[in-house]
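Here's the structure we're looking at; comments come further down.
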Amino acid sequence: MSQTEYEVKVGMECHAELLTQSKMFCGCRNEFGGEPNTRTCPVCLGLPGSLPVFNKAAVEQVLRTALALHCEISLHTIFHRKNYFYPDLPKGYQISQYGSTPIGVNGYLEIEKADGSVKQIRITRVHLEEDTGKSIHSDGAGYSVMDYNRSGVPLMEIVTAFPPDIESGEEARLYAEALRSVLLYLNVSDGRMEQGSLRAEPNPSIRPVGSEMFGVKTELKNLNSFRAVQRGVEYEAQRQAAEIEAGRVVIQATYGWDEEKGVTVLQRLKEVEQEYRYFPEPDLIPIDFDTEYIESVRASLPELPLARTRRLREQYELPAADALQLVSDRATADFFEESAKAAKDAKAVANWLLGDLTRLANAAGTPVSETPVTAAALADLVNLIVAGTITGKIAKQVIEEMFVSGKTASQVVADLGLTVSGADEVAGIVAGVIAANPDVVAKIKGGNEKSRGFLVGQVMKAAKGRARPDDINRLMEEALANA
Amino acid sequence: MALTPEDVRSVGSLARLALTDNETERFTHHLNGLLEQFARLQELDTEGVPPTSHAVPVAAALREDLVRPSLPREAVIAMGPQVDEDLGGFIVPQVLGE
C-alpha cells in the first residue's frame, strides 16, 4: 500500500436561470415547467430567418451579479456561438460568451468556514448565455421526447479562477451555498437546485501533497443539493486517488452523481474546446456599457449576505449560527430585523423566530416570513414575556394560537386569560398545596429537600403554567417557614 | 501548416456532413487554399489593434423584458417529422442522462 497523500483542488462552474419575465432573445414567457412546447416561437426554436434581440433585464441581472461578486466589468462585451449537435439545442449552437470579454471578469466570493475563518474564492468570469431544451424520457419507448419551453431561457454562468481556491468537498458546498445566497439577495435566481434552475458543477482533481502540477479534472453533473455537491466531490477525490493507486490514470470526462448509491457514474468523455468552433455571433451586436450606468447599478445593490451576517452578529449580539440561519433567506432576515426593532429583546426574537415560528411554518409549508404571525406580532409576544405579563411556557401556547388565528399576542392573551397569575393568587395556590400535603411538608421539615420539587410541581400544575417560577419559589419558601 | 484529409473528415463529422473520399480530397485542397489566404493576412502587423468581432460600429439595442404570445403548440408540433402526441413533444433518438 502506497503512503502517498493527495490534496483535492476544485474548480466550480455554476449556472443560474435568471428571473426575467421573458426569455433571453424573444418574448416567450420564462417560467419553469408547463405543458411541453407551449412557450416557443421562431427565435427559441431556431427557425431560419429569425433574429435574436437582447433582453435588457437579463443583461442587467448579470451585471448586478458581476458587481456583487467584485468583478471588473467589460465595457465592450461580445457574444459567441458555441456549436454542437444535440437534440436539446434546436439552432445547432448555443449563444454564449467566450474569450476575454464576458460581462464580468476577475471577481471573488467570500465563504465563511465552520471555524469562523473567511476564505476568498476567486472568480474568473460571469457571463450570459441561453439555456437549452429539455428531454422528457419516454419510458420503454426507445426514444426521447424534446420540450423546448426552456430553450432560450436566460442563463448566467459563474466560473471560479484557476488554479482553484476550493480545496475540499466542504468548501465546494460552502461556495455553492454562499453563491446561492448572493443570487437570492440580488433577486436574479430562485436558487432551486432540485428544479435545476441553479446548477453547481464542480471539477475536482487531485495531486500528491507538495506537487506543483495539477491533476486531470473530471466534471460532476446532476448535483441537485448542497449535500450532493460535498459528497460528490469527496467521492470523486477518493475515486481518482484509487485510480492512481491502482496504476491507472484519471481520464477527463463528465460524471453524473447517483444520489441513491452515493457514487459518480461516467456519462461522456469531454469534448475538446476547439470542437465547439466558437466564433462571434453575427446576429448580435456587442453591448457597450457606460460607466454611469454601471455605477447606478452598483449603487442599487443590496447589503449582501456575509456583510449582513456580520452586522446582525454585532448589532443584535446574536450567536454566529443564528445570524447565519437568519441571513440565508433575505425575507427571513428582513422579518427578523423588522421584529427586532420593535422588540425589547432581539435575541429572544431570533429564538422564537428560528424555534417555534419556524417549526410551525415548516409544518404548514409556508415561508416563515409569510405566516399569520407578523413581525410586529412576534415583537409584541416577546415584549409581553419581557414585561412579565406572560411566562415563556404560556408564550408557546400563545404563538400557536397566533399562528392559527392571525391575532396579536396581546389579543390572544386577553381572550384566553393567560396573563401571569398575581402573587396573591399564587400564594393562595401554594397555601392550598401545602395544606393538602402535610406528609410531604413534614419530610421537608425533616431535611428532605428533594420533596420540595414535588410541591413546586403541584403549584405549577394548579396554576396551569401562568405562575412565574420566581414567585412560586419565593412564596413556597415563606409558606414553608410559617407552616 | 496544411490540413490533412483526416482533419477535414473530423471537421466534417463535427458539422454532421457525410463526406465521400472524393469530397474529402477536394475540400482538403479548397480549405488549404483558404488557409493560405489567411496566412497572408497573418503577416500584417496588428500590434495595438483590438480584435474585431463586428464590422459595424454600433452598440446593441436591448428590448424591454416583456412577454409576447408564443406559437400555438399544434403549430409547433406540426413542424416535427416525428412527434409524440401524448407528451406533446418532438421525437429524437434516445438521450441518456441530462
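Naming: A, B, ... by sequence-line order, numbering from 1 per chain.
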Indicate yes or no: at least one non-hydrogen side-chain atom of A/Lys56 is less than 4.5 angstrom from one of B/Glu64.
yes

Below 4.0 angstrom, N of the basic side chain to O of the carboxylate: do A/Arg125 and A/Glu157 qualify?
no

Is a side-chain N or O of A/Asn224 found less than 3.5 angstrom from the main chain of A/Met193, in a donor-acceptor match?
no

Heavy-atom pairs under 4.5 Å with chain A - which of B/Leu66, B/Val67, B/Leu71 has more of them than the others?
B/Val67

Among A/Gln21, A/Arg39, A/Glu35, which residue has the highest count of heavy-atom pairs closer than 4.5 Å to chain B?
A/Gln21

Close aromatic pair by centroid cut-off 6.0 Å: A/Tyr98 and A/Tyr276
no

Does a side-chain N-to-carboxylate-O contact under 4.0 Å join A/Asp283 and A/Lys91?
no

As an exercise: rank B/Met79, B/Arg63, B/His54, B/Arg16 by heavy-atom pairs under 4.5 Å with chain A and give me the winner.
B/Arg63

Walk me through whether A/Thr40 and A/Asn149 qualify under side-chain contact (heavy atoms from CB on, under 4.5 Å).
CA-CA 6 Å; A/Thr40 65; A/Asn149 283 346; 4.3 Å; yes

By a 4.5 Å heavy-atom criterion (distance strictly below it), what part of A/Glu281 contacts chain B: side chain, backbone, both, or neither?
backbone

For chain B, which candidate among A/Pro36, A/Cys41, A/Pro280 shows the most heavy-atom pairs at distances under 4.5 Å?
A/Pro36

With chain A, which of B/Val76, B/Val58, B/Leu14 has the greatest number of heavy-atom pairs at distances under 4.5 Å?
B/Leu14

Hey, which of A/Val53, A/Thr101, A/Asn83, A/Asp288 has the most heavy atom pairs under 4.5 Å with chain B?
A/Val53

Among A/Thr291, A/Ile287, A/Asp290, find the residue that satisfies the side chain to side chain contact (heavy atoms under 4.5 Å, CB included) test when tested with A/Leu75.
A/Thr291

Sort B/Ala75 into side chain, backbone, both or neither according to what part of it lies under 4.5 angstrom from a heavy atom of chain A.
neither

Is A/Arg199 salt-bridged to A/Glu201, cutoff N-O under 4.0 Å?
no

Need one label for A/Phe279: side chain, backbone, both or neither, based on atoms under 4.5 Å from any heavy atom in chain B.
neither

Most heavy-atom pairs under 4.5 angstrom with chain B, which of A/Pro87, A/Gly92, A/Pro282, A/Cys44?
A/Pro87

Can B/Glu6 and B/Arg9 be said to form a salt bridge (charged side-chain N to carboxylate O under 4.0 Å, His left out), step by step?
CA-CA 5 Å; B/Glu6 193 43 51; B/Arg9 258 191 293 275; 3.5 Å; yes

Pick one of side chain, backbone, both or neither for A/Leu284, based on which atoms fall under 4.5 Å of a heavy atom in chain B.
backbone

With only heavy atoms counted, which part of A/Asn55 is less than 4.5 Å from chain B, the side chain, the backbone, both or neither?
both

Using heavy-atom distances under 4.5 Å, tell me whether A/Cys26 contacts chain B through its side chain, its backbone, both, or neither.
backbone

Please classify the contact between A/Val265 and chain B as side chain, backbone, both or neither, with a heavy-atom cut-off of under 4.5 Å.
neither

Please say whether more than 12 non-hydrogen atoms of neighbouring residues, nucleotides or ligands are located less than 6.0 Å from CD1 in A/Ile251.
no

Given the options B/Ser10, B/Ala55, B/Ala15, which has more heavy-atom pairs under 4.5 Å with chain A than any of the others?
B/Ala15

